[in-house]
Amino acid sequence: MSIQKLCKTLRQVHQFHAHFITSGSPNQNTLLTNILFAITSITPSPTATTQALSTSVVVSYATSVFNVITDPSTFCFNTIVRIYSLHAPSLSPHSFFVQMRRRSVPPDFHTFPFVFKSCAKQNVSFALVEALHCQALRFGLLSDSFALNTLIRVYSTNISIKSALKLFDENPQRDVVTYNVLIDGLVKAREVARARELFDSMPTRDLVTWNSLIAGYAQTNFCREAIGLFDEMVACGFKPDNVAIVSTLSACARSGDLEKGRDIHDYVKRKRLFVDSFLATGLVDFYAKCGFIETAMEIFSLCSDKTLFTWNAMITGLAMHGYGELTVDYFRTMVSSGVRPDGVSFISVLVGCSHAGLVDEAKKLFDQMGSVYDVDREMKHYGCMADLLGRAGLIEEAAEMIERMPRDGGKREKLLAWSGLLGGCRIHGNIEVAEKAAERVKELSPEDGGVYKVMVEMYANAGRWEDVVKVRQVMERDERVNKSAGLSRVMS
């Protein structure tokens, strides 16, 4: 019986290795090669304090085994590259390929797919991928469809969709996977029209083909196209899986097509499809966005294996519908059930607190983000807090919150934060802070005429008529300002 079948955990491999050392068995290279191969089928030890530590142990052990093999074969080099790709995708195994070439060990049809796969998981340079591409051509190994498909994935995912298309056009030995890989790359590059052209030119399609393009349409807001393609897939005799269903539900939610979304849910019930956490999340998101929060809550309660995404969909839906206290309750229940929140969880619960005026609860959660839950504060979280404090009349505190925002944050998030503060000042009549907020909004969005209209209104309410005239004059002189009504972030 092989070591791979005998050893299912790293601990068992260690035990076998120790027995091999103490028994002084012959054929050292063969046994070490088998040990190395066994590592490809194990998972990191669950007793490790963290997943990262466990992964580090696996890779370190595999490297030490490889280093004591004298004259490693092509199979050994392939195996160590595969281990890095499986257990440490952020680490580069390309040094092993370089070592392989320096030792004049010839690559085979398995070598380049493993090396290319590791490239696809990292942000490697275009020069490195081209060099590996040249090596594969030199050894005549790109005639293998697995190597070709993996290289197209590297180009389309990380490097250059143009290079991926060129490689595709130059190679006639294409299968359905080749088309699927390129369609996926085009979708990720948001070139959905070209993906559709490729889709239409395919001699045969499988479920992955349909799923990729439906998801691409949904993600790029071509909702009608996504729904139409789903219907076409069903008409062609394909049985949609959860990926196709969830993508189409997302398109229904974005386009507000409640009837179609309900038809898809009825299809799930009629076909007795298993509603896993992925599908449950899609249904919760759909019904919440279409205004049926009670139905979303019912589906959520029936889901037995809720993931973080399922919880986030429910918490976001509750916050969107203004159920602030319920949003906090669900957040607390999620944490108590052992699911760790992420940045999305906190944005949703802070928005819920803002709608319900739960200032103290929001402050507590915001303070606990890093210290208790190890979640980094982003611009959006500061913006949520500033909006909440501004709505509650804590104008000075809101201004301080915005000043504490990360300096390297995005313009959009800063604009939303200062606009929110200006809106709070408008509600509570704080002209001093409003003037400061207005200046920041004008710096970030010079064309926003709503800023001037808010300041005119505030000055007029305070009886400061000279300032009303000054603001109107500045607004009229500045040609960048959009003077049309209904286009302001501040006035919304």
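For the single chain, residues carry numbers from 1 onward in sequence order.
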> Looking at Glu130, Lys162, His133, which one forms a side-chain hydrogen bond (donor to acceptor under 3.5 Å, both in side chains) with Tyr155?
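Looking at Glu130, Lys162, His133, the match for Tyr155 under the side-chain hydrogen bond (donor to acceptor under 3.5 Å, both in side chains) is His133.
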> For Arg196 and Leu229, which heavy atoms make the closest approach, and how far apart are they?
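In this case the closest contact between Arg196 and Leu229 is NH1-CD1, 3.8 Å.
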> In chain order, what residues pass the side chain to side chain contact (heavy atoms under 4.5 Å, CB included) check against Asp387, with sequence neighbours excluded?
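Counting only residues at least two positions away or on another chain, Asp387 forms a side chain to side chain contact (heavy atoms under 4.5 Å, CB included) with Ser354, Arg391.
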> Where do Glu325 and Thr327 land on the side-chain hydrogen bond (donor to acceptor under 3.5 Å, both in side chains) test, with the steps shown first?
CA-CA 5 Å; Glu325 293 183 0; Thr327 302; over 6 Å; no
> I'd like to check the salt bridge (charged side-chain N to carboxylate O under 4.0 Å, His left out) partners of Lys442; sequence neighbours left out, ordered by chain and number.
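Counting only residues at least two positions away or on another chain, Lys442 forms a salt bridge (charged side-chain N to carboxylate O under 4.0 Å, His left out) with Glu439.
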> Tell me yes or no: between the side chains of Ser118 and Ser85, is some donor less than 3.5 Å from an acceptor?
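Ser118 vs Ser85: no donor-acceptor pair found between side chains.
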> May I ask you to decide if the ring planes of Trp311 and Phe300 are parallel, tilted or perpendicular, using 30° and 60° as cut-offs?
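Ring orientation of Trp311 relative to Phe300: perpendicular.
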> If you count heavy atoms of other groups shown closer than 6.0 angstrom to CZ of Phe309, is the number above 12?
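Not more than 12 within 6.0 Å, no.
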> Distance-only criterion, 3.5 Å: show the donor-acceptor pairs between side-chain atoms of residues 230-240 and protein atoms not counting sequence neighbours.
unit_1	atom_1	unit_2	atom_2	d
Asp231	OD1	Lys260	NZ	2.5
Asp231	OD2	Lys260	NZ	3.4

> List for me each residue that meets salt bridge (charged side-chain N to carboxylate O under 4.0 Å, His left out) alongside Arg224, sequence neighbours excluded, and say none if there are none.
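Partners of Arg224 by the salt bridge (charged side-chain N to carboxylate O under 4.0 Å, His left out) criterion, ordered by chain and then number, come out as Asp257.
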> For atom CD of Glu259, decide whether the heavy atoms of other residues, nucleotides or ligands shown that lie under 6.0 angstrom number more than 12.
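At most 12 heavy atoms, drawn from other residues, nucleotides or ligands, come within 6.0 Å of this atom.
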> Determine yes or no for a side-chain-to-main-chain donor-acceptor pair under 3.5 angstrom, with Asn180 supplying the side chain and Ile183 the backbone.
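No; judged by distance alone, with no hydrogens or angles, the pair does not exist.
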> With Thr281, which of Asn242, Asp276, Thr310 fulfils side-chain hydrogen bond (donor to acceptor under 3.5 Å, both in side chains)?
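So, applying the side-chain hydrogen bond (donor to acceptor under 3.5 Å, both in side chains) to Thr281 and each of Asn242, Asp276, Thr310, only Thr310 qualifies.
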> May I ask you to decide if Ser156's main-chain N or O and Ser160's side chain share a donor-acceptor pair within less than 3.5 Å?
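Judged by distance alone, no pair lies under 3.5 Å.
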> Please determine whether ring pair (Phe, Tyr, Trp, His ring centres under 6.0 Å) holds for the pair Tyr179 and Phe168, giving the CA-CA distance in whole Å, both sets of side-chain angles, and the decisive distance to 0.1 Å.
CA-CA 9 Å; Tyr179 281 91; Phe168 177 87; 5.2 Å; yes
> List for me each residue that meets side chain to side chain contact (heavy atoms under 4.5 Å, CB included) alongside Gln219, sequence neighbours excluded, and say none if there are none.
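Result, side chain to side chain contact (heavy atoms under 4.5 Å, CB included) vs Gln219: Val187, Ala215.
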> Looking at Arg404 and Arg377, what are the two nearest heavy atoms and their distance?
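For Arg404 versus Arg377, the nearest heavy atoms are NH2-NH1, 4.2 Å.
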> Between Thr74 and Asp108, do the side chains contain an N or O donor and an N or O acceptor separated by less than 3.5 Å?
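No.
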> What residue pairs, at least two apart or across chains, pass salt bridge (charged side-chain N to carboxylate O under 4.0 Å, His left out) with a residue in residues 332-341?
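As it turns out, the salt bridge (charged side-chain N to carboxylate O under 4.0 Å, His left out) pairs with a partner in residues 332-341, which skip direct neighbours, are Arg332-Glu361.
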> Only one of Tyr287, Phe286, Phe292 forms a ring pair (Phe, Tyr, Trp, His ring centres under 6.0 Å) with His265, so which one is it?
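Between His265 and the candidates, ring pair (Phe, Tyr, Trp, His ring centres under 6.0 Å) is satisfied uniquely by Tyr287.
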> Give the minimum heavy-atom separation between Ser348 and Ile315, together with the two atoms involved.
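Answer, listing the atom of Ser348 first, then Ile315: CB-CG2, 3.7 Å.
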> Is the count of non-hydrogen atoms from other residues, nucleotides or ligands lying under 6.0 Å from Tyr382 atom OH greater than 12?
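Enclosed.
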> On a heavy-atom basis, which atom in Ala288 and which in Met320 lie closest, and how many Å separate them?
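In terms of heavy atoms, the two residues are closest at O-CE, 3.5 Å.
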> With a 6.0 Å cut-off (strictly less than), is the heavy-atom count around NE2 of His110, excluding the residue itself, greater than 12?
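Result for NE2/His110: open.
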> Please evaluate residues Leu207 and Val243 with respect to the criterion side chain to side chain contact (heavy atoms under 4.5 Å, CB included), reporting the C-alpha separation (whole Å), side-chain torsions for both, the decisive distance (0.1 Å), and the verdict.
CA-CA 10 Å; Leu207 193 59; Val243 175; over 6 Å; no
> Can you find a heavy atom in the side chain of Leu148 that is under 4.5 Å from one in the side chain of Leu151?
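Result no, sub-4.5 Å side-chain heavy-atom pair not found.
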> Can any side-chain N or O of His355 pair as donor or acceptor with the backbone N or O of Gly352 at less than 3.5 Å?
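Side chain of His355 to backbone of Gly352, a donor-acceptor pair under 3.5 Å: no, none is there.
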> Applying salt bridge (charged side-chain N to carboxylate O under 4.0 Å, His left out), name anything that partners Arg194, two or more places apart in sequence or on another chain.
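With neighbours one apart ignored, the set is Glu191.
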> Of all the heavy-atom pairs spanning Ala438 and Val451, show the shortest one and how long it is.
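Residues Ala438 and Val451, closest heavy atoms: CB-CG1, 3.6 Å.
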> Considering only heavy atoms from C-beta outward, does the side chain of Met401 approach that of Phe366 to under 4.5 Å?
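Of all side-chain heavy-atom pairs linking Phe366 with Met401, at least one is under 4.5 Å.
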> Which residues pass the salt bridge (charged side-chain N to carboxylate O under 4.0 Å, His left out) test with Arg440, not counting sequence neighbours?
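In terms of salt bridge (charged side-chain N to carboxylate O under 4.0 Å, His left out), with neighbours along the sequence ignored, Arg440 is linked to Glu403.
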> I need the Gln135 CD to Leu142 CG distance, nearest 0.5 Å.
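One gets 11.5 Å once the value is rounded to the nearest 0.5 Å.
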> List in chain and number order the residues that pass side chain to side chain donor-acceptor pair (under 3.5 Å) with Asn221, two or more places apart in sequence or in another chain; answer none if no residue qualifies.
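Per chain and number, Asn221 pairs via side chain to side chain donor-acceptor pair (under 3.5 Å) with Arg254.
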> Under the side chain to side chain contact (heavy atoms under 4.5 Å, CB included) test, which residues partner Ser345, sequence neighbours left out?
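So Ser345 forms a side chain to side chain contact (heavy atoms under 4.5 Å, CB included) with Leu308, Asn312, Phe331, Met334, Pro341, Asp342.
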> Do other residues, nucleotides or ligands put more than 12 heavy atoms under 6.0 Å from Tyr373 OH?
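Yes, the 6.0 Å shell around OH holds more than 12 heavy atoms from other groups.
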> Give the intermediate values and the outcome of salt bridge (Lys or Arg N to Asp or Glu O under 4.0 Å) for residues Lys363 and Asp367.
CA-CA 6 Å; Lys363 286 182 178 180; Asp367 290 339; over 6 Å; no
> How far apart are the C-alpha atoms of Asp360 and Lys364, what are their side-chain angles, what is the distance that settles it, and do they pass the salt bridge (Lys or Arg N to Asp or Glu O under 4.0 Å) test?
CA-CA 6 Å; Asp360 292 337; Lys364 182 179 178 182; over 6 Å; no
> Decide side chain to side chain contact (heavy atoms under 4.5 Å, CB included) for Ile161 and Leu182; before the verdict, give the C-alpha distance in whole Å, the side-chain angles of both, and the deciding distance to 0.1 Å.
CA-CA 8 Å; Ile161 194 66; Leu182 188 54; 4.3 Å; yes
> For the residue pair Thr79 and Phe75, what are the closest heavy atoms and their distance?
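That closest heavy-atom pairing would be OG1-O, 2.7 Å.
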> Taking C-beta and beyond as the side chain, do Val192 and Leu186 meet within less than 4.5 Å on heavy atoms?
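The answer is no, as the side chains (C-beta and beyond) never meet within the 4.5 Å cut-off.
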> Phe109: what forms a side chain to side chain contact (heavy atoms under 4.5 Å, CB included) with it, not counting sequence neighbours?
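Partners of Phe109 by the side chain to side chain contact (heavy atoms under 4.5 Å, CB included) criterion, ordered by chain and then number, come out as Leu141, Ser143, Asp144.
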> With a 4.5 Å limit on heavy-atom distance, are the side chains of Cys252 and Leu258 in contact?
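Counting from C-beta outward, Cys252 and Leu258 never come under 4.5 Å.
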> Under 4.5 Å between any side-chain heavy atoms of Ser212 and Phe199, yes or no?
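A side-chain contact under 4.5 Å is absent here.
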> So, does Ser419 use its side chain to make a donor-acceptor pair with the main chain of Leu416 at under 3.5 Å?
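No, Ser419 side chain to Leu416 backbone: no donor-acceptor pair under 3.5 Å.
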> Could you note down all residue pairs passing salt bridge (charged side-chain N to carboxylate O under 4.0 Å, His left out) where residues 297-313 supplies at least one of them, sequence neighbours left out?
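Passing the test, one end in residues 297-313: no pairs.
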> May I ask you to check whether over 12 heavy atoms, not counting those of Arg272, lie within 6.0 Å of atom CZ?
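At most 12 heavy atoms, drawn from other residues, nucleotides or ligands, come within 6.0 Å of this atom.
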